[in-house]
Amino acid sequence: MSEPRTTRCLIVGAGPAGYSAAIYAARALLNPVMIAGIQPGGQLTITTDVENYPGFAEVIQGPWLMDQMKAQAEHVGTEIISDVVVEADLSKRPFRLVCDSGQVWIAETVIIATGAQAKWLGLESEQQFRGFGVSACATCDGFFYRNKQVVVVGGGNTAVEEALFLTNFASKVTVVHRRDEFRAERILQERLNANPKIEVIWNHAIDKVMGDTDPLGVTGVRLKDVQSGATRDLACDGVFIAIGHAPASEVFKGQIEADASGYLKVKPGTASTAIEGVYAAGDVTDDVYRQAVTAAGMGCMAALEAVRFLAEKDHEAAHHPISHHEAEKIGAW
Ligand code: NAP
């Protein structure tokens, strides 16, 4: 196994928050290291058109935007490592993180920008057909539903965008929503209403995903009226679950305070967690705005706070130098 490596600033996660933190930390000469995680580029790599990231008059593509951020982060001096943090000890500084490869990182500051992942309904039948007709990513899987019928579950921006995107392939898209109104932005709702391929079934939930086992594949869904409890079956070839996201904070559980859904808590108006030197930015801490541009802003805040923190520590060390023996005792170097 390789020797532990040290860094002044370890950034965990490679979405807009992580890349922005990296750009600011690198330009402050911290030589940051980024552990890119399972899905480098984050959720924007599985979206298509991005129309609301400032600075681009033309519609841009999510994966392209993330490639640009990555290139910029590397250009200014970030070391990007393809690995996944599987263990973290934030109980004392310097912090110790272990990656899937076995590599141990000793970090003076840690910026957590691990983002969020799609949520599932939690039905047994949903898990049975996951990857075989049940998906949480229209951009990834829409292509397989050319001239087929699909169901989209949810009523937020993601559900409406996925439904619109799926009309490029499917012959019919049925959106099933548990209430009688969407929470998606008006402009998206208008596009959905104007699309003849889309039908909406209000006040219904998915009771069960139905299908064949040999070969494994979806043939329909059992819908349940949330008011009367009545059920009925709807034939379809695919089901797209688009009911929001959950933060990827599992590896830090119990160490950093989180809310009931797992979103990491930061001090209001900052990116600082309760642990000095540990910051959280983007969707892992934000269940309100959840935008690429807000995540990027929080990444910038986290890096600036880390820079300030390290400068203070450097200043203290310069004015109150400690002996080598003392340094070893407190785990500093
Ligand atoms: P969301 O806004 O939280 O919406 C989730 C939807 O799923 C809601 O309609 C919710 O119903 C429904 N839902 C949740 N749990 C459910 C369950 N167990 N069974 C059935 N339905 C369930 O999530 P999102 O659409 O993924 O959006 C997340 C954030 O990203 C938002 O801030 C959104 O604005 C942003 N976003 C922006 C864009 C864009 O700007 N182009 C695109 C995508 C996402 P209720 O309405 O009844 O709660």
Side-chain angles (χ1 to χ4, degrees), residues 15-17 39 41-56 58-66 115-127 130 134-140 142 151-166 173-192 198 200-209 221-227 229 231 234 239-248 259-263 282-298:
Q39 192 183 13
Q43 292 174 57
L44 275 183
T45 57
I46 54 167
T47 52
T48 46
D49 296 354
V50 176
E51 293 175 76
N52 52 13
Y53 198 86
F56 304 96
E58 306 290 327
V59 175
I60 54 167
Q61 299 296 302
W64 177 85
L65 179 61
M66 299 322 296
Q117 311 122 349
K119 282 204 286 206
W120 297 94
L121 294 170
L123 301 171
E124 206 176 293
S125 53
E126 171 193 55
Q127 292 311 308
R130 206 168 136 181
V134 173
S135 166
C137 178
T139 315
C140 319
V151 162
V152 175
V153 188
N157 275 353
T158 304
V160 173
E161 278 191 344
E162 302 255 280
L164 287 165
F165 179 74
L166 285 164
V173 178
T174 306
V175 179
V176 176
H177 183 36
R178 65 182 177 184
R179 289 190 299 131
D180 62 357
E181 59 174 357
F182 286 132
R183 64 170 69 233
E185 287 165 20
R186 285 265 155 232
I187 186 169
L188 291 173
Q189 292 193 37
E190 278 166 21
R191 283 181 205 162
L192 180 132
I198 302 179
V200 182
I201 300 183
W202 303 107
N203 297 314
H204 275 74
I206 306 287
D207 200 34
K208 189 179 175 190
V209 179
V221 284
R222 179 153 300 155
L223 299 175
K224 188 175 184 178
D225 186 319
V226 294
Q227 283 154 354
T231 58
L234 176 72
V239 185
F240 288 83
I241 312 294
I243 60 167
H245 293 84
D259 70 9
S261 310
Y263 288 93
D283 284 14
V284 74
T285 179
D286 169 29
D287 67 337
V288 179
Y289 303 106
R290 298 182 286 194
Q291 304 299 304
V293 67
T294 49
M298 286 182 235

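As the structure lists them, so they are numbered: ligands from 1, and atoms in each ligand from 1.
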G42 backbone acceptor or donor facing T45 side chain under 3.5 Å: yes
For atom 39 (C) of ligand 1, which of the options T294, N52, I241, L188 provides the nearest non-hydrogen atom? N52
Give the ring-plane orientation class for W64 versus F56, where under 30° counts as parallel, over 60° as perpendicular and anything between as tilted. perpendicular
State, to 0.1 Å, how close V50 and Q61 come at their nearest heavy-atom pair, and which atoms those are. CG2-C, 4.3 Å
May I ask you to identify the nearest protein heavy atom to atom 44 (C) of ligand 1, giving residue, atom name and distance to one decimal place in Å? T158 OG1, 3.5 Å
Out of R290, E162, H204, who is nearest to atom 30 (O) of ligand 1 when you count heavy atoms only? R290
With a heavy-atom distance limit of 4.0 Å, tell me whether R178 approaches ligand 1 through its side chain, its backbone, both, or neither. side chain
Out of V226, I243, I206, whose heavy atom is nearest to atom 22 (C) of ligand 1? I243
When every non-hydrogen atom of D283 is compared with those of Y263, the smallest separation belongs to O-CE2, 3.2 Å
Heavy-atom closest contact (T139 atom, F165 atom, distance): CA-CE2, 3.5 Å
Please check whether G155 reaches ligand 1 - meaning an N/O of the residue sits under 3.5 Å from an N/O of the ligand, judged on distance alone. yes
Please work out, at 4.0 Å between heavy atoms, whether the side chain, the backbone, both, or neither of E161 comes within that distance of ligand 1. side chain
For H245, atoms of ligand 1 separated by under 4.0 Å from a heavy atom: 26 (O)
Candidate list R183, R179, R178, test salt bridge (charged side-chain N to carboxylate O under 4.0 Å, His left out), partner E181, passing option: R179
Under 4.0 Å, heavy-atom basis, I'd like to know which part of K119 is in contact with ligand 1: side chain, backbone, both or neither. neither
At a 4.0 Å cut-off, with the gap strictly under it, does some heavy atom of E181 reach an atom of ligand 1? no
Atom 2 (O) of ligand 1: closest protein heavy atom, distance to 0.1 Å, is R183 CD, 3.5 Å
Atoms of ligand 1, numbered as shown, that sit under 4.0 Å from any heavy atom of Y289: 32 (O)
Using non-hydrogen atoms of the residue, decide whether E51 is closer than 4.0 angstrom to ligand 1. no
Numbered atoms of ligand 1 (with element) below 4.0 Å of E185, judged on heavy atoms: 40 (O)
List the atom of V152, the atom of E162, and the distance in Å for their closest heavy-atom pair. CG1-CB, 4.5 Å
Closest protein heavy atom to atom 23 (O) of ligand 1, given as residue, atom name and distance to 0.1 Å: G244 CA, 3.4 Å
Pick out which of I206, V175, V134, V221 makes a side chain to side chain contact (heavy atoms under 4.5 Å, CB included) with V153. I206
How far does CG of N203 sit from NE2 of H177, to the nearest 0.5 angstrom? 8.5 Å
In terms of heavy-atom contacts, K119 and H245 come closest through CG-C, 3.6 Å
In terms of its nearest heavy atom to atom 33 (C) of ligand 1, the top option of V293, N157, V176, L121 is N157
Write down the atom of A184, the atom of N157, and the distance for their closest heavy-atom approach. CA-OD1, 3.2 Å
F182: heavy atom below 4.0 Å from ligand 1, yes or no? no
Could you grab the distance from atom CD of E126 to atom CG of L121, nearest 0.5 Å is fine? 4.5 Å
Closest protein heavy atom to atom 35 (C) of ligand 1, given as residue, atom name and distance to 0.1 Å: Q291 NE2, 3.2 Å
Distance to 0.1 Å, residue and atom name: give those for the protein heavy atom nearest to atom 47 (O) of ligand 1. R179 NE, 2.7 Å
Sub-3.5 Å N/O-N/O distance, V153 and ligand 1: no
